[in-house]
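Below you'll find the structure, written out as structure tokens, and then a few comments.
Everything numeric here is computed off the predicted structure, so don't read it as measured data. Both ligands and their constituent atoms are indexed starting at 1 by order of listing.
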Amino acid sequence: MVCAAEVEIDTAASQPEQRERMSPRKATATVVPAVAEENMFEIAAAKPEQGVADPVKALKVIREDLGDCKRCVLHQQGRKQIVFGVGNPKAELMFVGEGPGADEDEQGEPFVGRAGQLLNNMIKAMGLRREDVYIANVVKCRPPGNRTPEREECETCSPFLMRQIAVIKPRVVVALGAVAAKTLLAMNSSMAQLRGRFYDFNPAGVRSGDPNWTGCKLAVTYHPAFLLRDPRQKGEAWKDLQMVMKELGLKIPPSTS
Ligand code: SF4
């Protein structure tokens, strides 16, 4: 049982003692191109969902292609089911986490445990509903003991996430935590270096079937599970979300803008 106060996102401005603990942030958001060197000359292979105009059907094609996936070792390390992703297939905003935990593995849906409750509160604080956004993870099977997914597992599974992003065509992707940020951006930087700016993002190895979608913005914030462990960072996460809200043209509550 989780008390409401425990998962509530603090929408108040960060306290001075928090600021002292954080690395300096840029006053205004900047956009940094995120083109991984290894992807620069990559030829995006045709994917079966390309040409499928309806994103619901296109996501179904990707899920069918994934099948009863055994592409990485996580298939034999106690997963109950594959956790594909959930939400609005035409979402303007997408959240990407690390991998399913026990609750997610049980229910087959990402972010349904305590961290999921906090993510729901974060989404609500932005003036949105969970069903407005799309939520997925870098790896779709639960790592045993909730360990961090290995790089190889992320590299094996993430092409399916990239294809999901190319189908959904969001305006903004929010990477929740270092694993998601490093996988999506192919950058090995610290959270302090990754946060506080936008990146130009194109899903690696795949092209959207829509020539009008030329990629999106990507922002990095803390994983809700980390915020549950260190609630003092909620103010910083709220700054990241406000940056995203401005980009999406969402109204920021006057008390916190
Ligand atoms: S984590 Fe991804 S690649 Fe690995 S078995 Fe599960 S679905 Fe397949």
Side-chain angles (χ1 to χ4, degrees), residues 36 38-39 42-50 52 55-89 91 94-116 119 133-168 170 173-188 201-208 218 220 223-226:
E38 64 231 54
N39 293 331
E42 187 176 3
I43 297 167
K47 301 292 186 293
E49 67 275 14
Q50 279 171 357
V52 180
V56 177
K57 287 184 185 154
L59 289 172
K60 204 162 162 246
V61 169
I62 298 171
R63 180 64 190 90
E64 281 166 6
D65 194 15
L66 191 61
D68 181 28
C69 185
K70 294 178 179 166
R71 291 171 179 84
C72 84
V73 294
L74 290 179
H75 84 277
Q76 56 184 7
Q77 297 194 347
R79 80 168 183 210
K80 287 190 176 152
Q81 55 189 313
I82 291 171
V83 180
F84 184 67
V86 70
N88 181 356
M94 225 180 131
F95 288 95
V96 174
E98 181 176 307
D103 295 310
E104 290 75 19
D105 185 46
E106 194 69 47
Q107 298 183 42
E109 186 172 324
F111 286 95
V112 291
R114 292 178 69 230
L119 179 61
V133 306
Y134 194 90
I135 307 169
N137 283 309
V138 169
V139 295
K140 301 189 186 306
C141 299
R142 183 193 181 198
N146 289 344
R147 68 159 168 78
T148 304
E150 302 285 350
R151 183 178 171 160
E152 197 179 324
E153 294 155 2
C154 294
E155 285 176 357
T156 305
C157 202
S158 60
F160 291 91
L161 170 67
M162 299 294 184
R163 288 166 63 182
Q164 286 170 285
I165 296 172
V167 161
I168 293 162
V173 171
V174 176
L176 298 167
V179 170
K182 289 177 185 181
T183 303
L184 289 168
L185 295 172
M187 290 168 78
N188 196 19
F201 176 72
N202 267 294
V206 60
R207 275 198 205 102
S208 168
L218 187 146
V220 177
H223 194 287
F226 171 78

For His75, the ligand 1 atoms with a heavy-atom partner under 4.0 Å come out as 5 (S)
Got more than 12 heavy atoms from elsewhere within 6.0 Å of CD, Glu64?
yes
Min side-chain heavy-atom separation Val52-Val167 under 4.5 Å:
no
Student check: side-chain heavy atoms of Phe84 and Ile62 closer than 4.5 Å
yes
Considering only the protein, which heavy-atom contact is closest to atom 4 (Fe) of ligand 1, and what is its distance?
Cys72 SG, 2.3 Å
Using 0.5 Å steps for rounding, measure from the CD atom of Glu155 to the CZ atom of Arg71.
15.5 Å
Please state which part of Glu153 comes within less than 4.0 Å of ligand 1, counting heavy atoms only: side chain, backbone, both or neither.
neither
Shortest reach to atom 6 (Fe) of ligand 1 by a heavy atom, considering only Pro149, Cys157, Cys141, Cys154
Cys141
Among all protein non-hydrogen atoms, which one is nearest to atom 8 (Fe) of ligand 1, and what is the separation to 0.1 Å?
Cys69 SG, 2.2 Å
For Arg79, take its heavy atoms, then give the atoms of ligand 1 lying under 4.0 Å from any of them.
5 (S), 6 (Fe)
If the threshold is 4.0 Å, N to carboxylate O, is there a salt bridge linking Arg163 and Asp65?
yes
